[in-house]
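The structure under discussion appears below in the form of structure tokens.
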Amino acid sequence: MAFPHRPDAPELPDFSMLKRLARDQLIYLLEQLPGKKDLFIEADLMSPLDRIANVSILKQHEVDKLYKVENKPALSSSEQLCFLVRPRIKNMRYIASLVNADKLAGRTRKYKVIFSPQKFYACEMVLEEEGIYGDVSCDEWAFSLLPLDVDLLSMELPEFFRDYFLEGDQRWINTVAQALHLLSTLYGPFPNCYGIGRCAKMAYELWRNLEEEEDGETKGRRPEIGHIFLLDRDVDFVTALCSQVVYEGLVDDTFRIKCGSVDFGPEVTSSDKSLKVLLNAEDKVFNEIRNEHFSNVFGFLSQKARNLQAQYDRRRGMDIKQMKNFVSQELKGLKQEHRLLSLHIGACESIMKKKTKQDFQELIKTEHALLEGFNIRESTSYIEEHIDQQVSPIESLRLMCLLSITENGDARCSLDTHYGPEHLLTFSNLRRAGLLTEQAPGDTLTAVESKVSKLVTDKAAGKITDAFSSLAKRSNFRAISKKLNLIPRVDGEYDLKVPRDMAYVFSGAYVPLSCRIIEQVLERRSWQGLDEVVRLLNCSDFAFTDMTKEDKASSESLRLILVVFLGGCTFSEISALRFLGREKGYRFIFLTTAVTNSARLMEAMSEVKA
Amino acid sequence: MDCYTANWNPLGDSAFYRKYELYSMDWDLKEELRDCLVAAAPYGGPIALLRNPWRKEKAASVRPVLDIYSASGMPLASLLWKSGPVVSLGWSAEEELLCVQEDGAVLVYGLHGDFRRHFSMGNEVLQNRVLDARIFHTEFGSGVAILTGAHRFTLSANVGDLKLRRMPEVPGLQSAPSCWTALCQDRVAHILLAVGPDLYLLDHAACSAVTPPGLAPGVSSFLQMAVSFTYRHLALFTDTGYIWMGTASLKEKLCEFNCNIRAPPKQMVWCSRPRSKERAVVVAWERRLMVVGDASESIQFVLDEDSYLVPELDGVRIFSRSTHEFLHEVPAASEEIFKIASMAPGALLLEAQKEYEKESQKADEYLREIQELGQLTQAVQQCIEAAGHEHQPDMQKSLLRAASFGKCFLDRFPPNSFVHMCQDLRVLNAVRDYHIGIPLTYSQYKQLTIQVLLDRLVLRRLYPLAIQICEYLRLPEVQGVSRILAHWACYKVQQKDVSDEDVARAINQKLGDTPGVSYSDIAARAYGCGRTELAIKLLEYEPRSGEQVPLLLKMKRSKLALSKAIESGDTDLVFTVLLHLKNELNRGDFFMTLRNQPMALSLYRQFCKHQELETLKDLYNQDDNHQELGSFHIRASYAAEERIEGRVAALQTAADAFYKAKNEFAAKATEDQMRLLRLQRRLEDELGGQFLDLSLHDTVTTLILGGHNKRAEQLARDFRVPDKRLWWLKLTALADLEDWEELEKFSKSKKSPIGYLPFVEICMKQHNKYEAKKYASRVGPEQKVKALLLVGDVAQAADVAIEHRNEAELSLVLSHCTGATDGATADKIQRARAQAQKNQ
């Protein structure tokens with residue numbers, strides 16, 4: 001960002017240790033199967049693995065060929081097969097089919113299954129049911145924390161969101177607890193803990209149990225990180241549902257950042273090849289614009305381009321010696337910067353092109369209207385039109401969810417037959433997860449809502465009183481928004497170049513709820529005075545604070561805050577908190593089950609034909 | 001000091017043997033030892049006596065009695081033998097008493113006479129009876145070798161992991177061998193037996209005749225054989241009174257001796273110490289004990305009483321009705337120090353220290369003598385080492401004092417050896433105590449390790465002593481104190497006369513949260529004693545749910561186990577319990593249990609979704625969860641079913657379920673989907689092409705793209721596609737087709753519900769400015785400016801904007817004014833603006 005950190009901002013801990021740990025463990029596991037072996041990798045694990053150990057490291061440890069785990073018979077001729085997979089039943093069946101095929105063919109090979117980040121009993125049971133439990137050896141690769149950036153750790157578990165918030169499956173909570181345990185063994189205990197949400201509480205308690213079982217190890221260590229804040233995604237769906245307008249978020253929405261890197265297509269690279277680019281603090285150009293509102297980015301980039309040109313131009317007046325210096329020392333950096341600059345300019349152009357096509361301004365306007373709660377009629381008709389145009393079901397769903405949560409209303413639509421029957425299930429999913437809320441029976445339909453149902457649903461306008469409606473959570477967004485002052489009062493134009501508050505990540509229209517909660521709690525050092533908000537969030541039983549004596553914690557560490565997003569966080573939230581950190585002299589570190597955005601959220605809820 | 005070596009007996013030139021008393025026996029034996037079956041465990045272990053073993057009468061009064069004593073003769077247990085006749089007794093490495101019965105059954109008893117288990121040595125043994133049996137020790141544990149009535153051998157090298165091996169037949173063996181023994185070489189157990197003048201070695205595969213090298217001629221029979229403690233050496237006693245000593249591999253002779261006694265000895269055992277070159281065997285007859293080795297003379301002792309020999313690692317224990325003695329080779333360090341007129345540095349140091357205590361200047365003389373030779377370090381080491389081998393605490397002390405005295409004159413003597421020796425001796429003296437009765441020597445103790453010694457103390461229920469030793473040696477809690485406390489607790493739960501509450505409380509009071517104590521292990525023991533309630537109480541103290549659950553399952557408290565597992569948050573644990581419950585309960589009960597545990601239910605559902613779809617359906621059925629049931633069938637309609645009939649049927653079931661769930665919206669939608677499917681099928685039949693699985697939207701689009709406009713409209717009407725949506729759909733499809741004529745016709749069919757801006761937009765998207773312009777004129781006034789700008793008619797847009805007097809529109813137009821071409825327009829707008837401002 002254009003504004004540097006305050007000079008007193010604390011240093012971030014070195015998270016590259018996590019990478020080294022993961023790599024060493026993986027190598028150890030590979031060496032457990034001595035000799036040449038073929039490695040089958042699950043598609044989801046490929047990018048994370050690439051960040052930990054590249055192909056040459058794998059080759060060093062006698063990995064011969066690499067295959068993707070997919071539903072095809074394996075062509076491998078190696079005598080030893082090693083599978084690196086997530087603990088999923090689907091994978092077990094794949095392995096079983098492979099092993100059983102070998103058995104039929106009278107072939108004996110060695111099989112080793114490495115589960116990451118841990119194995120589940122259900123998987124072993126499937127292996128047993130398939131009759132191959134004795135033929136394979138199982139191991140765990142406890143790789144649960146991937147440092148994507150200096151301040152961003154990802155568990156790379158996008159399925160956490162669906163598994164927990166939709167299916168109620170708690171299996172990953174233990175993984176989270178173990179990850180936290182690992183962090184506290186490496187970086188000392190956390191003197192202050194806060195959290196909100198059912199899952200946050202469970203994860204916290206499990207983690208505490210782990211610490212107690214192995215007490216003594218972390219005791220007496222100086223804490224490096226002073227605070228930890230755990231937050232469930234379902235505390236704040238709204239923020240995640242909004243279109244992102246800070247650069248990094250926009251890149252994610254447009255090109256999809258995968259595991260910290262993005263594939264820029266030919267339209268960006270202005271060549272005929274795609275290019276995989278790592279997006280993190282090491283990319284100097286990116287680092288300066290990542291947290292900027294998109295409207296500033298172009299200006300910044302052109303300024304940068306001019307500066308760069310000026311630096312190039314310097315060589316005109318140079319003598320030989322200076323030139324030699326320039327070529328040997330600066331030119332490489334300049335070239336690198338030049339390359340990155342042209343990439344990001346390309347990306348911006350591409351974003352602009354895409355966004356104007358769908359009338360991005362209109363969309364943003366509608367979203368803001370929804371967030372602020374005015375012009376509901378216009379917004380609903382916009383959404384209706386959006387549905388009518390059938391541009392993208394995911395996008396329409398997102399807007400409907402946003403409408404439903406912000407207005408606490410029922411936005412039922414008959415998308416199903418129009419998009420396909422599986423979306424009937426998608427609806428049921430959204431409702432169950434609380435992304436589509438419903439009126440409790442007996443409530444009168446507000447004018448707005450009756451309007452919505454008339455407009456959007458052309459039939460079956462009757463209310464649904466199925467078994468799940470009682471379980472569906474009611475959203476009190478409007479009241480919370482008022483309480484926490486999420487919609488900033490603006491006198492005149494909001495200056496996006498010099499933002500005043502976190503609302504800049506949404507063009508000054510809305511302060512992300514999740515970030516506001518974190519800000520408030522950190523300010524108070526507790527939930528005190530936030531009772532009403534907590535009640536409105538339906539989290540009365542799940543907001544907690546736990547403080548230990550701070551005598552050991554340095555003032556430096558007390559300004560480091562680890563924020564744990566259970567169910568994913570967006571780049572907008574990250575940018576907002578980075579901004580908050582700069583304002584208050586904190587540094588935030590982010591731990592998320594996965595980086596998410598509105599589209600990923602909706603896709604996770606969708607039923608798709610296999 | 002002169003008399004200290006009085007009990008030393010030289011054997012040959014280089015070795016002394018000494019015999020000293022360990023205990024005078026506390027037992028009050030009425031029988032002679034020879035009337036009992038005797039077994040004594042090595043490493044100062046317990047002694048078992050079975051009295052009247054050979055009586056066949058059934059009268060209770062003369063039934064055999066099995067007594068167990070400590071090495072000092074303290075009674076540990078006594079029980080009436082009620083099983084079959086016993087052939088042989090022996091102790092396992094874990095100090096369990098193995099009683100081999102005539103029928104081949106082996107009964108295993110604990111140190112306190114508690115019956116542990118039994119196993120059989122096989123059918124062949126059962127049929128032919130046991131003639132003789134030996135219990136021997138191997139690397140794997142304790143083995144049993146049996147000679148049956150059919151003169152065949154059966155053995156098991158490890159009774160802990162019973163694998164019976166029937167050894168091959170010995171050719172021509174008609175009667176029992178004159179003597180035999182089990183040998184353990186290269187991790188394999190063999191049998192060595194003597195038949196007349198021949199020796200045979202039996203292994204798993206074959207029987208081979210062997211001859212000891214250098215055996216004196218004239219042997220017609222072997223009367224006794226002995227294998228050393230480490231199985232390295234073998235001694236044979238022949239009917240000529242000749243003793244052959246050699247390696248157990250029978251490859252090398254060490255020495256021989258002729259004792260000229262032809263009577264068969266009662267016992268013969270090796271007496272050697274590790275790392276010593278001296279080899280000797282001890283041979284016992286009724287009243288005579290003889291130590292023979294590589295020397296022409298032997299050492300002879302007279303036995304006053306019937307005695308029994310126990311081979312040890314570094315000597316032989318000899319006990320009789322009244323005493324318990326230890327016979328061993330005097331260790332090198334002691335010999336150096338105490339040998340008469342020894343000038344060894346240790347001996348001088350001991351002298352020096354004595355003189356020092358007498359405050360004599362001789363002390364200095366001696367010390368100087370040692371120091372001049374530079375042997376002080378060696379002297380101290382000798383004294384420390386010798387102290388370890390002394391039995392009397394007084395002698396230990398004076399040697400240690402000497403060492404300590406010598407240490408003062410050394411700069412850098414590492415203190416470890418001295419400190420450790422003091423500690424070790426303290427421990428050894430404590431366990432050698434009469435009341436404890438474990439007469440371990442230093443070498444045995446080192447071989448056994450402190451851990452095993454503690455185990456043995458625990459086995460004797462000497463918890464306080466064990467804990468004191470742990471504390472004294474500062475052992476880590478997990479290995480030491482807490483382990484012992486856990487054992488104590490396991491013993492405590494067996495006290496049947498104490499109530500569950502009291503036991504649980506007592507245990508918790510003592511153990512608290514001691515690290516390394518597993519309450520679940522104690523609970524498991526309680527359960528093993530049939531005290532389920534106590535076990536559950538104890539489990540409450542167990543902090544780790546992972547440990548609670550398996551035991552609860554074992555105790556058939558599955559529901560409690562389930563809630564504990566859920567509490568733990570460990571889904572694997574929950575899953576384990578679920579599978580257990582699934583097998584244990586009938587389906588209905590299982591589902592009911594799940595119903596009360598939502599967390600378990602969702603976990604199981606997840607599993608079923610992937611692995612057991614039918615179960616999933618049953619689960620929903622059971623709960624009358626029609627909503628989910630409907631969803632289930634919907635999923636089946638596209639995932640599981642292939643044929644269209646099946647899919648429609650699945651959808652029908654789904655619709656029914658939705659109706660039951662009162663979800664009419666979903667039900668109607670499902671019915672629509674059925675209709676659509678059927679219709680798509682018909683379309684495919686009639687028009688060809690691919691329609692199935694398209695959404696309604698795509699179906700209509702496909703129809704339009706295929707030029708079936710009528711049908712498309714019919715379909716839209718049938719499914720009541722909203723007008724707006726249809727217009728959008730048609731507009732997009734026709735533009736894609738670039739069918740501008742049809743599009744125009746369509747635009748004129750009636751007033752567009754979506755306005756005409758989309759028409760302009762879509763034409764421009766296809767780069768057809770000409771067509772776009774047609775529609776631009778029809779765009780409503782609100783969006784006219786936008787439309788005009790889209791088609792590039794800036795001038796007209798400006799006119800409209802000016803007409804509207806709309807500031808926002810004006811600036812929008814202005815922003816589209818580029819360069820010179822639109823210069824005039826820009827001016828016009830500026831003027832209009834100025835005008836507007838003036839008017840205000």
Side-chain angles (χ1 to χ4, degrees), chain A residues 88-90 93 118-122 125-126 129 163 167-174 177 202-203 205-206 209 212-213 215-216 357 384-385 387-390 393 412 414 416-425 427-429 455 457-468 607 609-610, chain B residues 515 543-544 568-576 579 598-599 601-603 605-607 609-611 624-628 630-631 634-635 637-639 651 658 661-670 672-673 676 693-698 719-722 724-725 727-729 732 754 758 765:
Chain A
R88 292 178 183 139
I89 288 174
K90 189 182 80 200
R93 285 220 287 267
Q118 65 181 108
K119 71 180 167 203
F120 286 129
Y121 182 59
M125 219 198 64
V126 173
E129 276 180 6
D163 279 352
E167 314 277 7
D169 184 338
Q170 303 176 355
R171 66 170 96 180
W172 296 116
I173 300 180
N174 211 3
M202 279 197 284
E205 278 166 5
L206 278 180
N209 286 348
E212 271 165 33
E213 264 174 46
D215 57 353
K357 227 190 256 174
E384 179 207 353
E385 200 164 287
I387 296 165
D388 284 345
Q389 292 185 26
Q390 304 262 307
R412 247 171 292 131
S414 60
D416 38 83
T417 40
H418 299 270
Y419 285 126
E422 60 274 15
H423 282 291
L424 191 59
L425 304 183
F427 265 88
S428 153
N429 289 348
L455 283 171
T457 69
D458 39 23
K459 54 189 167 214
K463 274 201 288 179
I464 301 170
T465 49
D466 63 78
F468 272 98
E607 293 286 331
K609 290 185 181 179
Chain B
R544 294 161 300 167
S568 79
D570 182 347
T571 47
D572 270 10
L573 212 51
V574 178
F575 207 80
T576 320
L579 287 183
M599 186 257 185
L601 180 60
S602 32
L603 191 71
R605 267 194 204 139
Q606 279 282 74
F607 174 74
K609 226 171 243 178
H610 293 286
Q611 198 68 356
D624 289 332
N625 190 342
H626 298 297
Q627 173 67 32
E628 282 300 317
S631 302
I634 296 240
R635 201 170 287 119
S637 82
Y638 61 81
L651 285 172
F658 284 134
K662 299 214 167 57
N663 187 345
E664 286 191 24
F665 164 69
K668 287 253 162 61
T670 314
D672 281 348
Q673 180 61 27
L676 182 65
D693 280 337
L694 293 183
S695 67
L696 176 60
H697 188 271
D698 291 344
F719 283 89
R720 279 178 284 172
V721 175
K724 280 189 172 182
R725 201 172 298 174
W727 274 71
W728 270 111
L729 187 158
T732 326
I754 54 170
K765 212 179 267 177

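In what follows, chains are A, B, ... by sequence order, proteins preceding strands, each numbered from 1.
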Next on the checklist: For B:Phe575 and A:Phe120: C-alpha separation, side-chain torsions, deciding distance, then whether ring pair (Phe, Tyr, Trp, His ring centres under 6.0 Å) applies.
Outcome noted: CA-CA 9 Å; B:Phe575 207 80; A:Phe120 286 129; 9.4 Å; no
Item to check | Donor-acceptor pair, side chain of A:Asn174 and main chain of B:Asp570, under 3.5 angstrom | outcome: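 Answer holds: no.
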Item to check | N-O pairing of B:Lys609 and A:Glu167 below 4.0 Å | outcome: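 Counted as a salt bridge, because a side-chain N and a carboxylate O are separated by less than 4.0 Å.
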Side chain, backbone, both or neither of [X] within contact of chain A (heavy atoms, under 4.5 Å):
| X | value |
| --- | --- |
| B:Leu573 | neither |
| B:Thr732 | neither |
| B:Thr571 | side chain |

[X] portion near chain B, given a 4.5 angstrom heavy-atom threshold:
| X | value |
| --- | --- |
| A:Ile89 | side chain |
| A:Arg88 | neither |
| A:Glu129 | side chain |

Checklist entry - Which heavy atom of A:Ala177 sits nearest a heavy atom of A:Leu206, and at what distance? => result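 Closest pair (atom of A:Ala177, atom of A:Leu206, distance): CB-CB, 3.7 Å.
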Checklist entry - Among all residues two or more places apart in sequence or in another chain, which pass the ring pair (Phe, Tyr, Trp, His ring centres under 6.0 Å) test with B:Trp727? => result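 B:Trp727 satisfies ring pair (Phe, Tyr, Trp, His ring centres under 6.0 Å) with B:Phe746 once adjacent residues are dropped.
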